[in-house]
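This report concerns only the one structure given below.
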Amino acid sequence: MSMDAAVALFRSLGDPTRLVILTRLADGEARVVDLTRLLELPQSTVSSHLACLRDCGLVGYRPQGRQSFYSLTRPELLDLLRSAERLLAGTGEAVALCPAHGVSAAAS
């Protein structure tokens, strides 16, 4: 495994907006309009995040008429998200309080 690739993957997953998008897509396909409503963000912002996720190979789309339906491309990503949920259930408070990457570090 390339450490550079792993770092890039976790950086792409580390953005709150992209993480919400991936979590939503774990439930099934969504259009940009669905994601903009969920995130309450402009279409251009959501499209930019989707482009990042597409570039990383995590998200794909299928056109249908004038719309595109986005979905996860790798089922392993569901396993990773579920593993993260289990890990956070056991260490969530410690992770949130981490001085380098926790909630208070992100706010500063």
Side-chain angles (χ1 to χ4, degrees):
M1 172 174 77
S2 162
M3 285 300 132
D4 290 341
V7 168
L9 171 66
F10 283 105
R11 281 190 181 140
S12 69
L13 297 175
D15 181 272
T17 299
R18 289 193 292 272
L19 195 53
V20 170
I21 290 171
L22 291 171
T23 302
R24 167 53 187 87
L25 294 179
D27 291 333
E29 292 183 317
R31 302 168 300 161
V32 172
V33 67
D34 302 323
L35 297 170
T36 58
R37 287 183 190 137
L38 171 69
L39 296 162
E40 298 180 349
L41 292 172
Q43 180 270 329
S44 60
T45 302
V46 173
S47 292
S48 175
H49 285 290
L50 285 167
C52 173
L53 294 168
R54 278 194 327 268
D55 291 344
C56 292
L58 301 176
V59 168
Y61 70 96
R62 66 174 180 85
Q64 184 174 334
R66 295 177 50 161
Q67 300 180 72
S68 294
F69 290 82
Y70 289 84
S71 61
L72 301 179
T73 58
R74 305 297 311 186
E76 302 91 338
L77 188 53
L78 292 173
D79 296 334
L80 180 62
L81 294 173
R82 288 184 191 119
S83 292
E85 286 177 354
R86 286 191 302 273
L87 179 63
L88 289 170
T91 64
E93 190 66 23
V95 171
L97 296 175
C98 172
H101 301 289
V103 176
S104 59
S108 48

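What's counted below: heavy atoms across the whole structure, side chains too, no hydrogens, waters or symmetry copies. Heads up: numbering here begins at 1 and tracks the sequence.
A side chain to side chain contact (heavy atoms under 4.5 Å, CB included) with V20 is found for exactly one of L41, L35, L39, namely L39.
To the nearest 0.5 Å, atom CG of residue D34 and atom CD of residue Q67 are 8.0 Å apart. With rounding to the nearest 0.5 Å, the separation of CG in L13 from CG in L9 is 4.5 Å. Between L50 atom CG and R31 atom CZ the span is 13.0 Å, to the nearest 0.5 Å.
No continuous path of hydrophobic side-chain contacts links F10 to L87 [ILVMFWY only; heavy atoms under 4.5 Å]. L77 and F69 are assigned to two separate hydrophobic clusters, defined by single-linkage of ILVMFWY side chains at heavy-atom distances under 4.5 Å. Residues V7 and L58 do not share a hydrophobic cluster, clusters being chains of Ile/Leu/Val/Met/Phe/Trp/Tyr side chains in contact below 4.5 Å. Linking ILVMFWY residues whenever their side-chain heavy atoms come closer than 4.5 Å, directly or via other members, places V59 and L38 in the same cluster.
Side chains of L19 and L81 form a contact here, defined as non-hydrogen atoms less than 4.5 Å apart.
A donor-acceptor pair is defined here as one N or O able to donate and one able to accept, closer than 3.5 Å; no such pair exists between the side chain of S48 and the backbone of S44. The closest donor-acceptor contact from the side chain of R24 to the backbone of G28 lies under 3.5 Å. With hydrogens and angles ignored, the 3.5 Å screen pairs a side-chain donor or acceptor of T73 with a backbone N or O of G57.
Evaluation of the side-chain hydrogen bond (donor to acceptor under 3.5 Å, both in side chains) test over residues 4-21, restricted to residues two or more places apart or in two chains, returns R18-H49.
Residues satisfying the side chain to side chain contact (heavy atoms under 4.5 Å, CB included) criterion with L78, sequence neighbours excluded, are A26, L72, R82.
Around the CZ atom of R54, the shell of radius 6.0 Å holds more than 12 heavy atoms that belong to other residues, nucleotides or ligands.
Taking each heavy atom of L25 and Y70 in turn, the nearest pair found is CD2-O, 3.4 Å.
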